[in-house]
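Beneath this line is the structure, given in structure tokens, with notes to follow.
Order of listing sets the numbers, starting from 1, for every ligand and every atom in it. Note that the structure is predicted; figures quoted are calculated from it, not measured.
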Amino acid sequence: LLSGDYDLVVIGAGILGASSAYHLKKNNPSKKILLLDRNPAAGQGNTARSNAMFRDTFSSKDNQILAKSSISYYSTLENIGLVKTGYLWLLSDDQSKKSEAILNSMQKNGIRISRFSKIELSAIPQLVISPQGEEADLINAPQIHEGCFGHDCGRLEPDRLTNHYVEKFSNLGGNVAYNAEVKKLVIGSKKDLGLGGEPFVWQEAEAKSITVLHGGSLGTINSKAFVIACGAWTNELLEPIGIDGHVKAKKRQLFKLRAEKGSKISSLLSVSPIHSGNLPFLILPKSACFVKAIPQNAEFWIGCDAEWGEPFINMPSKDIDLEYRASSEYYSLNIRPILNQYLPDLSSVVPSQMWAGLYSYNTVDYIPFAFQEGNVIAVGGDSGSGIMKGDSLGRIVASLYSGQDESELYGGTYYKTSKIGFTKRQVEREEWVL
Ligand SMILES: Cc1cc2nc3c(=O)[nH]c(=O)nc-3n(C[C@H](O)[C@H](O)[C@H](O)COP(=O)(O)OP(=O)(O)OC[C@H]3O[C@@H](n4cnc5c(N)ncnc54)[C@H](O)[C@@H]3O)c2cc1C
């Protein structure tokens with residue numbers, strides 16, 4: 001049975017909850033803080049299902065700041081499998097024209113990008129610059145006009161990163177509980193009159209406790225404050241108490257292709273004239289179809305951006321594997337034809353593994369949020385790029401808790417906490433969502 005009294009409870013031990021818990025405990029060492037999750041370990045929600053890439057190449061200055069600072073911190077960590085492969089956006093003529101202003105502003109803001117002509121790109125083995133033929137016409141596959149390479153981008157291992165924060169949190173004396181499902185947030189009145197039915201509308205309401213299912217029994221945990229870091233499941237706890245969770249979930253799928261030793265595609269794994277040693281993360285000019293190479297595992301991860309057809313889900317099921325499965329038909333009908341145009345050798349391989357996860361979208365501007373309603377702080381809405389902003393968001397949550405207007409991010413940049421709240425929200429809408 002899980003019960004007791006805390007100063008602060010962080011619900012959700014994905015990257016955002018773990019980072020928040022650590023920064024909260026670091027800033028408030030004497031506070032009794034509990035981090036809990038319904039999974040048996042940290043980082044097993046959508047953090048584990050992600051593509052695990054990071055980039056600072058965003059159109060929005062806010063995303064640039066949040067990601068850049070987090071990436072700088074992650075780059076100091078030795079054990080999170082971080083590799084700077086770079087991102088190579090392969091742009092059509094049209095995309096290139098539309099992106100001109102964004103690329104210029106990235107450079108102005110100190111984002112390290114280089115641009116490559118299609119002649120330079122033609123040195124990438126197996127890459128087709130000008131798709132031709134019936135299928136190319138049918139799917140309207142544009143020619144590659146240029147490549148935009150983000151230098152400070154790459155991949156990492158999200159479970160290791162999440163555990164890094166959980167370990168640091170535990171070492172500071174933070175409490176962690178797994179297999180602990182929060183069934184509800186219980187609200188009451190700040191000045192409890194013991195009348196029953198409180199809070200009445202004339203009272204100041206606050207969250208008092210959570211009801212937790214743990215080891216088959218329901219327990220109550222009282223706390224002075226709560227952080228909701230439940231990702232795609234944020235609405236499940238906030239909406240019943242009248243707080244808008246501002247999250248819409250959407251299924252996304254990833255497909256793994258094995259590069260058998262000696263096969264044609266295995267030579268693509270690590271050869272790159274653009275970036276020595278590693279094939280950059282490639283984004284093709286059609287439907288943001290992407291290719292991630294992991295040479296040490298001899299595999300590629302493939303996915304794409306699907307705007308239409310995939311429904312938004314307000315209250316997703318917690319059982320992703322049961323409810324939101326990846327489908328090989330989705331791969332063969334949607335992704336394979338695109339791969340076939342630009343990397344035909346890759347397209348002949350059948351996925352050896354596939355899985356789905358849930359993006360938690362903030363559909364207004366695709367920038368994450370961290371906001372406070374009374375003694376409840378919520379963080380999320382990361383729209384498919386929360387891991388790469390995890391450190392900054394954890395720091396902002398800790399600053400909100402301490403009532404600070406500004407949060408000092410890693411590297412010394414100050415960021416106004418209210419900017420990513422909702423009452424005084426002031427962010428640049430993100431245009432480069434992947
Ligand atoms: C296919 C895919 C690809 C992605 N690719 C990338 C990428 O390349 N780079 C990147 O930065 N991001 C990527 N993302 C997004 C990334 O996964 C998220 O931004 C990130 O995981 C959000 O972290 P989180 O902690 O908010 O969510 P989660 O990791 O989902 O954590 C939320 C936790 O809350 C727990 N929880 C929820 N409700 C309760 C409850 N009632 N009681 C107890 N526990 C609860 C869950 O068990 C879960 O562990 C991708 C996502 C998907 C689905």
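Looking only at protein heavy atoms, the nearest one to atom 50 (C) of ligand 1 is S50 CB, 3.4 Å.
The proximity of A232 to ligand 1, defined as any non-hydrogen pair under 4.0 Å, does not occur for either the backbone or the side chain. Of the heavy atoms in A42, none comes closer than 4.0 Å to ligand 1. The backbone of R49, and not its side chain, has at least one atom closer than 4.0 Å to an atom of ligand 1 (non-hydrogen atoms only; backbone = N, CA, C, O).
For E310 and K248, the salt-bridge test fails: no basic side-chain N is under 4.0 Å from an acidic carboxylate O. Salt bridge absent: R325 and D321 never bring a charged side-chain N and a carboxylate O closer than 4.0 Å. Look at K84 and D152 and you find a salt bridge, because one of the NZ, NE, NH1 or NH2 atoms lies within 4.0 Å of a carboxylate O, short of that distance.
At least one N/O-N/O distance between I387 and ligand 1 falls below 3.5 Å. Considering backbone and side-chain N/O atoms, V182 comes within less than 3.5 Å of an N/O atom of ligand 1. The shortest N or O to N or O distance between W233 and ligand 1 is not under 3.5 Å.
Remark: ligand 1 atoms within the under-4.0 Å shell around heavy atoms of N46 are 17 (O), 21 (O), 28 (P), 29 (O), 30 (O).
Taking only non-hydrogen atoms, the option from A229, G394, S70, A41 nearest to atom 32 (C) of ligand 1 is A229.
The six-membered or imidazole ring of F290 lies near that of F281, with a centre-to-centre distance under 6.0 Å. You'll find the ring centres of F422 and F369 inside the 6.0 Å limit. Here H23 and F169 keep their ring centres 6.0 angstrom or further from each other.
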